[in-house]
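Taking it in order: structure first as structure tokens, then the write-up.
Numbers restart at 1 for each chain; the letters A, B, ... are given by sequence-line order, proteins then strands.
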There are 2 protein chains.
Amino acid sequence: MTRIVFEKPDAVALVAEVFRELGYEGASMSSITARTKLSKGSLYHFFPGGKEQMAAEIMAHIDAWFVTEMFRPLEEGDPRAAIARMWETTDTYFRSGRRVCLIGAFALDETRDRFSSAIQNYFQRWIEALAGALTRAGLAAAEARMLAEEVVVGIQGALTLARALGDDAIFGRTLARLKERLGAAIEESVPPARII
Amino acid sequence: MTRIVFEKPDAVALVAEVFRELGYEGASMSSITARTKLSKGSLYHFFPGGKEQMAAEIMAHIDAWFVTEMFRPLEEGDPRAAIARMWETTDTYFRSGRRVCLIGAFALDETRDRFSSAIQNYFQRWIEALAGALTRAGLAAAEARMLAEEVVVGIQGALTLARALGDDAIFGRTLARLKERLGAAIEESVPPARII
DNA sequence: TATTTTATAGACCGATCGGTTTAGAAGATC
DNA sequence: GATCTTCTAAACCGATCGGTCTATAAAATA
């Protein structure tokens, strides 16, 4: 028999796609083995805690990726550059609306109760990181916070509607609209010194 | 033994709440019987087609409700009044963000493939009905369409984030923001005759 | 090359899955 | 009140569930 060998990071990524497509409850062990080609033996070798551990590690992996690629730049880097990068990262990560947000999907059913703190942390950090960047770009804290919330809400909503309507274009339009709105808000708030 | 008697409309509503909480795959027959107090006998009497029929009838029921309470008024009634009513209906129906959108949740995993046309119709009609009302209120068709899309996207995103953050307040804030934006757009487009 | 560790394949387990059937209670019709 | 239809309760079904276990192949270490 032909034996296929996997490394754990690959296993995490492969299983993640199955959860993304089928949801936590919808992803049965047999569907995971069928779609990833990982046998049950391999899966339980990498994830002795079973489905729950798989989901937990996947979420941690996604979170870590967003932290380095998006959150930390927003928190620490040049705000305008980091925001520009955020639009690209978002569009690329979600494959222009064709890929659902696993963490957002987990939030909707009772799967949320299993992973509530991971889910909460992810969205909270996204909103706060973006709000921080907007504040450093010159916006008032309250306005920055509201706009950051609007952006993350818009991204999640657009992902839902892109799937619901079977039309990715809505994701691109939403991203463009949000980008413009943020750009306009930053423009308006340029410090007086530069206007005079 | 005490026998509990149900009528079908009640059965639909009760089962709907279970799907809402657990998702389509997460809602097992045993969890449905446990939460609704409907026995398997009753459930298969009302829904001989099993889970799939339950979900289909629930979606049809939700759709019909939205048609009479929201879509038709937007399509046919006074646009400003219908839009005002829409904000109230939305807030009430989704219990200020504590209740998820079942149709939106179904859109995210492969449950979508079972009910794709019902899901698509629901969101398409919402967007088009609202765009129609905005057009009749004086907006250009393209702007109306964009704003309508923004509103439905915002509502869906806010529902996701309300659950994810465990904070209903975001739903109210989003609704208020969208309401204000729509109001401003309508104000701006009052016909010249009324300005002069 | 011998030994040990790591990872894979798949049979196997009890529990639960969605769904069916049967017996009979409650409601409706006469 | 007899009859018929509607509806409920729960035992029951094969299939699938998530998870365990064993044998062994491959890789790493010696």
Say whether Thr92(A) and Thr89(A), considering side chains only, have a donor N or O and an acceptor N or O under 3.5 Å apart. no
Arg20(A) bridged to Glu17(A) by N-O distance under 4.0 Å: yes
Using heavy atoms to find the nearest nucleotide of DNA chain D for Pro48(A) and Gly41(B) separately, return the residue whose nucleotide is more 5′. Gly41(B)
In terms of the nearest nucleotide of DNA chain D, which residue is placed more toward the 5' end: Ser39(B) or Glu52(A)? Ser39(B)
May I ask you to evaluate whether Lys51(B) reaches the phosphate of dG18(C), defined as a side-chain N or O under 4.0 Å from OP1 or OP2? yes
Rounded to whole Å, how long is the line connecting atom CD of Glu7(A) with atom P of dA27(D)? 11 Å
Indicate, with a heavy-atom threshold strictly under 4.0 Å, whether Gly50(A) touches base, sugar-phosphate, or nothing. sugar-phosphate
Nearest to the side chain of His45(A), heavy atoms from C-beta on, is which of dG19(D), dG18(C), dT8(C)? dT8(C)
Less than 3.5 Å apart, any donor N or O on the side chain of Ser28(A) or Ser31(A) sitting next to an acceptor on the other? yes
Within less than 4.0 Å of OP1 or OP2 of dT8(C), is there a side-chain N or O belonging to Ser42(A)? yes
Can you measure Lys40(A) atom NZ to dG18(D) atom C1' for me and round it to whole angstrom units? 6 Å
To the nearest angstrom, how far is Gln53(A) atom CD from dG18(D) atom P? 16 Å
4.5 Å side-chain heavy-atom contact, Tyr24(B) and Arg112(B): no
In whole Å, what is the span from the CG atom of Leu43(B) to the P atom of dA9(D)? 10 Å
With Glu69(B) via salt bridge (charged side-chain N to carboxylate O under 4.0 Å, His left out) - residues at least two apart: Arg85(B)
What parts of residues 14-38 of chain A reach DNA chain C, counting only heavy atoms under 4.0 Å away? none
Rounded to whole Å, the CZ-P distance (Phe47(A) to dG18(D)) equals 15 Å
Could I get the full list of ring-ring contact (aromatic ring centres under 6.0 Å, His included) partners for Phe46(A), not counting sequence neighbours? none
